[in-house]
Amino acid sequence: MIEPKTAVLDKRAKRNREIAIRVNDYELAEIKKRNRENTVASWLRGLALGVTPVKPVDPELVRQLGRIGSNLNQLTKHVNTEKQVDAEVLSEVKAIREQLHVLIETSIEYSKVAARDSDDC
């Protein structure tokens, strides 16, 4: 008995298949507004294949969070070495907490502005 040949699937193979979908004007506008990729095709392909979309992040926010994490590590090392928490450490923890609240509020505002800007497109 002759077995039929099975196609070898290679995810790096040239894209030569096409899928067509129909959308109305509203849906098309929403798709274009939400697209963060170079092309709608690459964005939709990524969504269909399980790629998690990532929103852009303010680089300054990332730097500040890194600094806060570094300070927190230093405080943790101090507490573990000294086996006690003094007033200075507590004031530093309070300052870090306040910095985090400011960063969170700033990030929320940044996200709102970015969302408004993308709605204007």
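- Residues I96 and L75 meet the side-chain proximity criterion, which asks for heavy atoms closer than 4.5 Å.
- For the atom pair N38 CG and W43 CH2, the distance stands at 14.0 Å (nearest 0.5 Å).
- Under a hydrophobic clustering in which Ile, Leu, Val, Met, Phe, Trp and Tyr are joined whenever their side-chain heavy atoms come within less than 4.5 Å, directly or via other members, L72 and V62 fall into the same cluster.
- Listed by chain and residue number, nothing satisfies the salt bridge (charged side-chain N to carboxylate O under 4.0 Å, His left out) test with E92 (two or more places apart in sequence, or in another chain).
- When the side-chain contact (heavy atoms from CB on, under 4.5 Å) test is applied to S42, the partners found at least two apart in sequence or on another chain are E37, T39, R45.
- Between T81 and K77 the shortest side-chain heavy-atom distance falls below 4.5 Å.
- Contact of the V89 side chain with the Q84 side chain is not registered, since no non-hydrogen atoms from C-beta on lie closer than 4.5 Å.
- Annotation: the span from L28 atom CG to K32 atom NZ amounts to 4.5 Å, rounded to 0.5 Å.
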Table please: side-chain donor-acceptor pairs of residues 16-24 below 3.5 Å, with sequence neighbours left out.
residue, atom, partner, partner atom, Å
N24, OD1, Y26, N, 3.1
N24, OD1, E27, N, 2.7

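- With sequence neighbours left out, the side chain to side chain donor-acceptor pair (under 3.5 Å) criterion links R97 to no other residue.
- In this structure, the side chain of N80 engages the main chain of T76 through a donor-acceptor pair within 3.5 Å.
- Look at R67 and E60 and you find a salt bridge, because one of the NZ, NE, NH1 or NH2 atoms lies within 4.0 Å of a carboxylate O, short of that distance.
- Atom CZ of R63 is separated from atom CD1 of I68 by 13.5 Å, given to the nearest 0.5 angstrom.
- For L65, the side-chain contact (heavy atoms from CB on, under 4.5 Å) partners two or more places apart in sequence, or in a different chain, are L61, L100, L103.
- To the nearest 0.5 Å, atom OG1 of residue T106 and atom NE2 of residue H101 are 12.5 Å apart.
- Remark: R15 pairs with no residue by the salt bridge (charged side-chain N to carboxylate O under 4.0 Å, His left out) rule, at least two apart or across chains.
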